[in-house]
Amino acid sequence: MSEYYRHRLRQLQKLLEPGLRRMLLLSFVLHLIVPIILSGVLKVTHKTPKVPVYRVNLVNKPVKDPRAGRPDAVRAKKKKKVKPKPIAKQIPIKTPKTVKVEPPVKKSPPVKKVQPVKTAETSLQKRLAEMQAEMERKAKLDKLKASIAAQQEDLGRPDVEAPVGEPDGTGEEIGVSDIRYVEGYITEQWRLSPYQSPLDLEAEVKVYYSEEGKRGHWEMVKKSGNAFFDDTVKNAIIKSRDLGQSLPAAGEFEIIFNLKDLQNR
Amino acid sequence: MNKLSSFILLLTLFLPLTAQAVRIEISAPGEQTIPLALTRFLPMSGDATNSAAEIDRALIADLDLSGLFELADRSAFLSDADELGLHSTQVDFGQWRLLGVDAVVKGGYRLEGEKLVVEARLYDVVTQRLLTGRRYVGRVGDERRIAHSFADQIMLALTGKQGPFNSRLAYISTRSGHKELYLMEVDGQNPSRLTDHRSIVLDPDFSPLRKEIIYTSYKKSNPDLYRKEIYTGSEARLSQRPGLNTGGRYRADGGELVVTLSKGHNSDIYLLGTDGSIHKRLTTHWGIDVAPSWSPEGDKIAFVSDRRGNPQIFIVDIDSLKVERLTFEGKYNATPDWSPTGEWIAFTRRTEGQFDIFLIRPDGTGEHRLTFAPGNKEHPRFSPDGRFLVYSLDLNDEKSIHVMRADGTGDRRISAPGGNDTHPAWSGHWQ
């Protein structure tokens, strides 16, 4: 019997094509892989949990208006700063015992009534002291104002060089958007006089930036048709070889250069 | 089989990771001027002379007027500013990049007896290439002309259109006690008197082909049209018909001219040949038609007429003689000048008791005011490239010549104080 079955098996093996076994095995593997991919099991392994990190480059390039774009958080803090003072005054009132102590204080007026009898000079001295204090306070305020104005002037200059960045993020995590940073940086490098070319031109450039903010390959995808306009665009990209800060991830940017803002003026 | 399956696995893993490119639109440049370093021209041999200072002054004035550039502060220049650098390999572009400039002008000069040789270069700092370079050979005293020429070349290299700096301005001045014809450079330097009619000279215009000016003069009591060759000084009457012979303007090809003739009656617009013969009468109306100006194609004429009651700008088609009204606003619109690009017509309008300069498109759209300062601004004329306008300003009993960009910016007085200067006209390129 065993010889008979062996013989039948050999016959069957002869009938089957030599590559069929491989094909069957491959199709089996593929059928296994597809559901695994669709189920997302593999994706999970490659998903690195991204911690939302937002950078504000305040060290080298001060932001013109650091509070821009986050009105809620800042305003809330401002209000809190004003409030504490009256609260501090209320603290003694909270304790009822101190209120009870007040009557003996009220007794003091008769004591005061005794003092004015002494001389009118003391009241004059008090007034003078008050006036002096007021003068000193005003002088201090003027000094403070002057120093603030000087600081603002100092800050005013680097503002021009600071890259334009729009605040981005959620909640308390507000920082300069990386895309806006790239946009601002390249805009800064783009120099073109409106007297240099017509205002209805547009060019498009594809540029790759590494995670370190270094420019990789780039190409002009669409030319404007005006060589001088295109040259200024190329120069802007050449000058943007290093963004000066890292990016959350390497990526490609499609940058469209046009003069729409100048047309509208 | 193992290889194949691993390949498929890798492919399926990478597909979701390929991110789309981020799209960014930049709709205005960060700076609307080109940062340019203009170095002093250095002597190529021998000692330094005044030539460098002359070239320097003229170049700075021209480049500043252009509005294209932001000139870098010379006190910040590094050692490369003291190098001749007539070849791109001799220029230390790193130093200029440090200063944040995009372009650098370098040059040198050499005196060979009375002959002056000037070498000038414009480099692109970013791409480290030569944008334009010229060698000029002239005489001592030609420094300003050479500088104006190179300023035009710089404009050509960076915009594709030559600048108007190597040209001349004709104007009428009373410096001699009479209204005479004068000529000066675009920045107001080297004024020279061309006529000695001791009468009234008006309304000059340059021939586009020759160094020749036409103008109206009362030398023979009647306002006749004259022609004068600038270098030879020879003068002839081109039209001496009774009445007005004024407002002569050459067509862009120099083949014909348009003029206002009254022939003892009502003034109308006529086409004249260069010999003074009448080719065609363009207007026939009881109203006063004056101040004609050619379109760059030479097929239309803009002029002023009071046929609707007040002076307004009209356009007449030379072939069909069809007249269309261009301006409808204001009660007094005068002295139109068609831009060489054909895009705009400049004119003056009286608003709130004073004349100001306006622009309007030939189809009547886009009308806007260019000047707002006090004083009467009159006789606007475009530069040969259409980028600038010259006009006369009447302020505080003094009339002076001013130049500004065609968008109304960069206004500056160019005529010297102490004379009543009016009726400016801009020549073509002065070869």
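Just so we're clear, the structure is a prediction, and the values are computed from it rather than from any experiment. These numbers come from the heavy atoms of this one structure, side chains and all, not from hydrogens, waters or symmetry mates.
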Out of curiosity, Glu202(A) CD to Ser27(B) OG, how far, rounded to the nearest 0.5 Å?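 So the gap between those two atoms works out to 10.0 Å.
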Is [Y] close to [X] at the side-chain level, that is, under 4.5 Å between some pair of heavy atoms?
X         : Y         : answer
Arg97(B)  : Lys239(A) : no
Val126(B) : Lys234(A) : no
Glu25(B)  : Lys260(A) : yes
Asn258(A) : Ile26(B)  : no
Gln196(A) : Leu158(B) : yes
Glu31(B)  : Leu192(A) : no
Phe253(A) : Val22(B)  : yes
Val125(B) : Asn235(A) : no

Verdict with reasoning, Ile179(A) to Ile24(B), per side-chain contact (heavy atoms from CB on, under 4.5 Å): CA-CA 8 Å; Ile179(A) 295 167; Ile24(B) 292 173; 4.0 Å; yes
Crowding at NZ, Lys223(A) (>12 non-hydrogen neighbours, <6.0 Å):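 Atom NZ in Lys223(A) is not crowded, with 12 or fewer foreign heavy atoms closer than 6.0 Å.
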Flag yes if more than 12 heavy atoms outside Phe28(A) fall under 6.0 Å of its CZ atom; otherwise flag no.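 No, because the 6.0 Å sphere around CZ of Phe28(A) holds 12 heavy atoms or fewer from other groups.
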Do you know which of Ala157(B), Pro29(B), Gly67(B), Gly30(B) has the most heavy-atom pairs under 4.5 Å to chain A?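 Among Ala157(B), Pro29(B), Gly67(B), Gly30(B), the one with the most close pairs to chain A is Pro29(B).
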Could you tell me which residues in residues 205-218 of chain A have at least one non-hydrogen atom under 4.5 Å from a non-hydrogen atom of chain B, sorted by residue number?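 Contacts with chain B: none.
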Indicate yes or no: does Glu204(A) engage Arg23(B) in a salt bridge with an N to O separation below 4.0 Å.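 Looking at Arg23(B) together with Glu204(A), the answer is yes, because their closest N to O distance falls below 4.0 Å.
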Considering all heavy atoms, the nearest Arg191(A)-Pro35(B) contact: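 The pair with the smallest heavy-atom distance is NH1-CG, 2.9 Å.
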Pair Tyr195(A), Thr33(B): side-chain N/O donor-acceptor within cut-off below 3.5 Å: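 Note: Tyr195(A) and Thr33(B) side chains miss the donor-acceptor criterion.
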With sequence neighbours excluded, residues passing salt bridge (Lys or Arg N to Asp or Glu O under 4.0 Å) with [X]:
X         : result
Asp187(B) : Arg144(B)
Arg361(B) : none
Arg369(B) : Asp356(B)

Check whether Asp231(A) gets within reach of chain B through its side chain, its backbone, both or neither, counting any heavy atom under 4.5 Å.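 Side chain only.
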